[in-house]
Amino acid sequence: MADNARAKRLADLIREVVAQKLQRGIKDPRLGTHVTITDTRVTGDLREATVFYTVYGDDEDRAAAAAGLESAKGVLRSAVGQAAGVKFTPTLAFVADALPDNARAIEDLLDKARLNDAKVREVSAGAEFAGDADPYKKPEDDETDGDAPA
């Protein structure tokens with residue numbers, strides 16, 4: 001079993017090699033400049049690597065990029081093997097990163113919350129308190145009630 005530092009170094013190396021190879025070495029038009037490698041994780045035994053990527057474009061571009069990455073998997077793995085110099089080159093699995101979609105959903109929810117806050121602020125603009133400004137009874141109020149029996 002390899003230590004976590006070694007797995008982290010290998011993951012960083014895989015991310016850099018795959019990104020450079022996609023930018024310069026792969027001639028597949030489906031990959032182009034639309035694919036960005038965001039993260040890489042390697043298992044503890046250094047046998048499998050998961051490469052997370054994002055694609056700039058619509059669903060059709062994402063599907064084309066996924067097919068392009070699957071077809072280039074062997075070339076990318078051999079490039080990683082040459083750069084890493086390890087006994088066993090990890091297998092590569094490409095996973096579309098959900099981070100941009102999650103961020104977009106959170107931004108939409110925050111926009112909705114801001115809109116609701118603005119509506120509440122608008123409705124409460126001219127509102128007044130229902131009772132006194134300070135509704136709590138204070139000790140000096142008891143002293144002024146001299147008529148009350150003890």
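Computed over heavy atoms, backbone and side chain alike; hydrogens, waters and symmetry mates excluded. Numbering of residues begins at 1 and proceeds along the displayed sequence.
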Practice problem: Mind checking the OG1-CZ spacing from Thr89 to Arg47? Nearest 0.5 Å is all I need. | Solution: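 So the gap between those two atoms works out to 10.0 Å.
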Quiz item: When rounded to the nearest 0.5 angstrom, what is the spacing between OG1 in Thr36 and CD in Gln23?
Solution: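 Result: 10.0 Å between the selected atoms.
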Quiz prompt | Heavy-atom closest pair, residues Ala65 and Val35 | solution =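 That would be CB-CG2, 3.8 Å.
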Practice problem: Specify the closest pair of heavy atoms between Leu76 and Phe94, including all atoms of both residues, with the distance to one decimal. | Solution: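 That would be CD1-CZ, 3.5 Å.
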Quiz prompt | Test: Asp111 and Arg114 ion pair at under 4.0 Å | solution =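 The answer is yes: the pair qualifies as a salt bridge.
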Quiz prompt | Salt-bridge criterion met for Arg104 and Glu107 (N-O under 4.0 Å) | solution =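 Salt bridge between Arg104 and Glu107, a charged N being under 4.0 Å from a carboxylate O: no.
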Is there a side-chain contact between [X] and [Y] in this structure, where contact means two heavy atoms from C-beta onward sitting under 4.5 Å apart?
X	Y	answer
Tyr53	Val18	no
Arg41	Val95	no
Asp12	Arg15	yes
Ile37	Ile14	no
Thr40	Leu10	no

Practice problem: Indicate if Phe52 and Leu22 have the same hydrophobic cluster label, given that clusters are the connected sets of ILVMFWY residues with side-chain heavy-atom separations under 4.5 angstrom. | Solution: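 The answer is no; the residues belong to distinct hydrophobic clusters.
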Quiz item: Do the side chains of Leu13 and Val75 join up, straight or via other hydrophobic residues, at under 4.5 Å, putting them in one cluster?
Solution: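 Leu13 clusters together with Val75.
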Practice problem: Step by step, work out the salt bridge (Lys or Arg N to Asp or Glu O under 4.0 Å) result for Lys119 and Glu122. | Solution: CA-CA 5 Å; Lys119 287 179 184 177; Glu122 184 179 311; over 6 Å; no
Quiz prompt | Whether Thr54 side chain and Asp97 backbone form a donor-acceptor pair below 3.5 Å | solution =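 No: the side chain of Thr54 does not pair with the backbone of Asp97.
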Quiz prompt | Whether Arg77 side chain and Pro90 backbone form a donor-acceptor pair below 3.5 Å | solution =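 Side chain of Arg77 to backbone of Pro90, a donor-acceptor pair under 3.5 Å: yes, one is there.
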